[in-house]
Amino acid sequence: MCRLTPGDLQRIFEKLDMNCDGFLSLEELNVLLEKTGFNYSIEELESLVGKKSLDFSEFLFFYDSMLKQNHGEEEGANNGVDGDEVEEVEGDLVKAFKVFDLDGDGFITSQELECVLKRLGMWDERCGKDCATMICSYDTNFDGKLDFQEFKDMMLLTTS
């Protein structure tokens, strides 16, 4: 999982807070989790979070906790500690790849990347971000799109 900036997290929080009450209900939080490949029931999410809604600072804490948990799993896999952990990380990467591979052709194009970033509330045209440039940064065979191995390499490099 890539670390997001506080500005990115603020935009995501505001987009998810559908009733604009300054809190994310578990239902609103679950929208984000489902879009990113995590499937929790509301009961599981309440058990994980410990409450029925999160303000922005609690959302930041939740994000950091998820990031640390995910980073710890990757470190274990990188050290060869447990084959199950390696398989779990690989499985998580496959799920994440499928989130971005909208047409299921085995590649992530700049159009698919932009579409998913917009859906997650992380695309800001004013910032001048260019998905083609982002893709090119990790496109090792220069075909203009990311295959799974390129995506995996990018994710493991970005989180180390």
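This is a predicted model, so every value here is computed, not measured.
Residues Val31 and Glu27 are not in side-chain contact: their nearest non-hydrogen atoms beyond the backbone lie 4.5 Å or more apart. With a 4.5 Å cut-off on side-chain heavy atoms, Asn141 and Glu150 count as touching. At least one side-chain heavy atom of Asn19 sits less than 4.5 Å from a side-chain heavy atom of Glu28. At least one side-chain heavy atom of Glu34 sits less than 4.5 Å from a side-chain heavy atom of Asn39. The side-chain heavy atoms of Ile12 and Leu32, taken from C-beta on, include a pair separated by under 4.5 Å. With contacts defined as side-chain heavy-atom distances shorter than 4.5 Å, the pair Ile108/Ile135 qualifies. Residues Met155 and Asp92 are not in side-chain contact: their nearest non-hydrogen atoms beyond the backbone lie 4.5 Å or more apart.
Once rounded to the nearest 0.5 Å, the distance linking CG of Asp147 with CZ of Phe97 reads 6.5 Å. Considering OG of Ser53 and CG of Leu26, their distance stands at 7.5 Å, rounded to 0.5 Å. Rounded to the nearest 0.5 Å, atoms CG (Leu60) and CD (Gln10) are 8.0 Å apart. If you take CG on Asn30 and CG on Leu16, they are separated by 10.5 Å, rounding to the nearest 0.5 Å. In this structure, the separation between CG on Leu93 and CE on Met154 is 9.0 Å, given to the nearest 0.5 Å. A distance of 5.5 Å separates CZ of Phe62 from CG of Leu48, quoted to the nearest 0.5 Å.
Annotation for Ala132 and Ser110: closest pair N-CB, 3.6 Å, computed over non-hydrogen atoms. Here the closest non-hydrogen pair linking Phe107 and Glu112 is O-OE1, 2.9 Å. For the residue pair Cys131 and Leu117, the shortest heavy atom distance occurs at SG-CD1, 4.1 Å.
Under the 4.0 Å criterion applied to side-chain N and carboxylate O atoms, Lys152 and Glu90 are assigned as salt-bridge partners.
Partners of Phe100 under the ring pair (Phe, Tyr, Trp, His ring centres under 6.0 Å) rule, at least two apart in sequence or in another chain, do not exist in this structure. Checked against side-chain hydrogen bond (donor to acceptor under 3.5 Å, both in side chains), Lys15 has no partners two or more places apart in sequence or in another chain.
Ring geometry for Phe13 versus Phe56: interplanar angle over 60°, hence perpendicular rather than tilted (30 to 60°).
Under a hydrophobic clustering in which Ile, Leu, Val, Met, Phe, Trp and Tyr are joined whenever their side-chain heavy atoms come within less than 4.5 Å, directly or via other members, Leu54 and Ile42 fall into the same cluster.
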